[in-house]
**Student:** 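Take a look at this one; I'll ask things after.
Chain letters run A, B, ... following the sequence lines, proteins first and then strands; every chain starts at 1.
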Amino acid sequence: MRKLHTFGFLAGALLTLLLFACAIAAPFIAPHDPSAQDSSRRLEGPSPDHLFGLDDLGRDVLSRIVWGARVSLRVGLSVVLVSSLAGVALGALAGYFGGAVETAVMRVCDTLLAFPGILLAIALVAMLGPNLDNVIIALSIIGWVGYARLTRGQVLKVRQMDYVVAARALGSRSGRVIARHVLPNVINPVIVMATLGLAGAILAEASLSFLGLGVQPPTPSWGAMLTAGRRYIGQADHLAIFPGLAIMLAVMGLNFLGDGLIDALDPKYRRETKE
Amino acid sequence: MTNYLLRRLAQVVPIALGIMTLVFSLAHIIPGDPAVQLAGENAQPEDIARVRTQLGLDDPLHEQYFHYLGSLARFDLGTSFRSGEPVSAQIATRYPATIILAIAGMFVALSVALPLGIVAAVFRNSWIDNVARFFALIGVSMPSFWLGPLLIIAFAIHLEWLPVSGRGEGLKSIVLPALTLGLPLAAILTRMIRVSLADELGNLYFTAAMSKGLSRRAAILRHALRNALIPVITIVGLQIGSLLTGAIITEQIFSWPGLGRLLIQSIGARDYPQMQASVLLIALTYILVNLLTDVVYAVVDPRIELE
């Protein structure tokens, strides 16, 4: 576990911690009720009792950002969980058994990769209807490909190792060999990919919500808040500034954390996946 | 070379067909009946039925599919449900706007990244290198749908130098959209160029070029930079694709009348033909650009094994 104490990693860990804290303890951290409206103070700028100001309905922006962390993290974690489980399973099967299974899985991967990701997400959400669950489904359909390719590559390498050949020769069943000998070798790069994938999913959710295809009002979502705030640029700039800042800090924190984890968990990762 | 080109082209065909199929099926599983929307709020069931027949929505799905592929082969993209005009006419006005925006974005990206990346690599660990690294860091994490509004606040609202949105003021109107689209890419490219050139500067051929009397400047420009730019070309090519999809958001921010904005508008209106055509065209352009990148890459670097 070397290089864990670099500045980037610590900053990343701190920002990520803040993101999780906001999401988990939103009711205790948020200074106001995120949906309480004070129509007499619409669009008011930052002040001591409303640090990030008030929005077009007179709701406290800071509280909505704190609650928005829940939406971002819920989408992000769900997407990472679903796509990593599906991707690792399919990639392991493809790599371990080869043949028709491998061909089928990799063909689907290639087709999905040929299609620009965000375009596919837009099209899928448009098809399924804009809401939180469908955003998770759409992003998972795109997301598993990376994990599948990563896992298959690792499995192909490990499959030839003496200890795997030995385990098979001793009569271990395929399922046992995969679970006991193959998957432990894949877990580190998958953790790194999941951390970076969490950042990607949060950004993608915000993009979709920004386009009006994500979480629908009145649920506080950073992307949707930014879209709503855009209408008041020049009149109430803080409505566009703070939600965007939240998105950037969350994404930056997770990217830092992921980069730090690369060095700590898996120095080979950078070479293999970033060439 | 010809063989390689033909083979790459042959690979594109099934992918393109796959995308057409995907696009067709997507548009047909969308919840909500376009006939109901088109017939208007007070429409009787008969009106809706008439609209459905007119649009061919009553035909079996496979017939609609083959009809769709047949029309595509004739470059007939269908008729917009909303305006009643041919989709191809809409696309013809929107497509160039997106291409212009993408080119302008790439121009911004390269004119920032090339000098910054080169200087950062040559003067490693200097203050300018730190500036370049900080810029790369911010640029990679900053979502374009935040950068856009920030630029509007600064340059359109407070300084009043540039228009807030639209395409009405010629060159002035493209500056902010191009910056929004190009700066995040500039961040990625700066990092790439810096790393790539720094690697080359450590090579023996570079030392050799200097030791035979070439100035450092000439050795960098004539030898190291050429090699350093090879991997950058791939990234640039691949990123043209991401510029196209990035344009969807940028066009939305600045009401830029391009293909991406058309796509979002047609989704809202459940205008199937228009939506299909926009997705299809963005995706096909993306594939073609990637194909082109591969080819250029192979031409530029003779070491690359085409077989």
**Student:** Where does A:L211 contact chain B at under 4.5 Å (heavy atoms): side chain, backbone, both or neither?
**Tutor:**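 Both the backbone and the side chain of A:L211 come within 4.5 Å of chain B.
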
**Student:** Would you say the side-chain atoms of B:W146 pair up with the backbone N or O of A:P243, donor to acceptor, closer than 3.5 Å?
**Tutor:**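 Side chain of B:W146 to backbone of A:P243, a donor-acceptor pair under 3.5 Å: no, none is there.
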
**Student:** Is there side-chain contact between B:P143 and A:V251, with at least one heavy-atom pair below 4.5 Å?
**Tutor:**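 No, side chains not in contact.
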
**Student:** A quick test of your reading: do over 12 heavy atoms of other residues, nucleotides or ligands sit less than 6.0 Å from CZ of A:R59?
**Tutor:**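 More than 12 heavy atoms, drawn from other residues, nucleotides or ligands, come within 6.0 Å of this atom.
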
**Student:** Among the options B:V279, B:L147, B:V140, pick out the one with the most heavy-atom pairs lying under 4.5 Å from chain A.
**Tutor:**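 Result: the option with the highest number of such pairs is B:V279.
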
**Student:** Considering non-hydrogen atoms only, spot the tightest contact between B:A283 and A:L119 and give its length.
**Tutor:**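 Scanning both residues, the minimum pair turns out to be N-CD2, 4.0 Å.
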
**Student:** Between B:I157 and A:G234, which heavy-atom pair has the shortest distance, and what is it?
**Tutor:**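 Shortest heavy-atom contact: CG2-CA, 3.6 Å.
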
**Student:** For A:L203, is it the side chain, the backbone, both or neither that has a heavy atom under 4.5 Å from a heavy atom of chain B?
**Tutor:**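 It is both, since atoms from each part get that close.
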
**Student:** Count the heavy-atom pairs under 4.5 Å between each of B:T245, B:N290, B:I287 and chain A, then report the option with the highest count.
**Tutor:**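 The candidate making the most pairs under 4.5 Å is B:T245.
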
**Student:** Hey, could you give me the CG/CD1 distance between A:L226 and B:I253, rounded to the nearest 0.5 Å?
**Tutor:**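 Nearest 0.5 Å value for the CG-CD1 distance: 8.0 Å.
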
**Student:** Under 4.5 Å from any heavy atom of chain B, what part of A:A199 do you find: side chain, backbone, both or neither?
**Tutor:**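 No part of it gets close to chain B.
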
**Student:** Starting at CD1 of B:I264, measure out to CZ of A:F210 and round the result to the nearest 0.5 Å.
**Tutor:**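 B:I264 CD1 to A:F210 CZ: 10.0 Å, rounded to 0.5 Å.
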
**Student:** Quick one: what part of A:N255 sits under 4.5 Å from any heavy atom of chain B, side chain, backbone, both or neither?
**Tutor:**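 For A:N255, side-chain heavy atoms alone lie under 4.5 Å from chain B.
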
**Student:** Can you tell me if A:R230 uses its side chain to pair, donor with acceptor, with the backbone of B:P149 under 3.5 Å?
**Tutor:**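 Pair absent, no side-chain N/O of A:R230 close to backbone of B:P149.
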
**Student:** Between A:L245 and chain B, with a heavy-atom cut-off of 4.5 Å, which part of the residue counts as in contact: side chain, backbone, both or neither?
**Tutor:**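 For A:L245, the contact with chain B is made by backbone and side chain together.
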
**Student:** Is the CZ atom of A:R70 crowded by more than 12 outside heavy atoms at less than 6.0 Å?
**Tutor:**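 Yes.
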
**Student:** Please tell me if the side chains of B:L137 and A:F256 come closer than 4.5 Å, counting only heavy atoms from C-beta onward.
**Tutor:**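 A side-chain contact exists here, since the closest heavy-atom pair is under 4.5 Å.
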
**Student:** Which answer fits A:L213, side chain, backbone, both or neither, if we ask what part of it has an atom under 4.5 Å from a heavy atom of chain B?
**Tutor:**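 For A:L213, side-chain heavy atoms alone lie under 4.5 Å from chain B.
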
**Student:** Side chain, backbone, both or neither: which part of A:I247 has a heavy atom under 4.5 Å from chain B?
**Tutor:**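 Side chain only.
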
**Student:** Chain A heavy atoms under 4.5 Å from B:L263: which part of the residue, side chain, backbone, both or neither?
**Tutor:**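 The side chain, not the backbone.
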
**Student:** In terms of heavy-atom pairs under 4.5 Å with chain B, which of A:L254, A:T227, A:I122 leads?
**Tutor:**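 Heavy-atom pair counts peak at A:I122.
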
**Student:** Using non-hydrogen atoms only, which part of B:F145 is less than 4.5 Å away from chain A: side chain, backbone, both, or neither?
**Tutor:**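 Looking at B:F145, backbone and side chain both touch chain A.
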
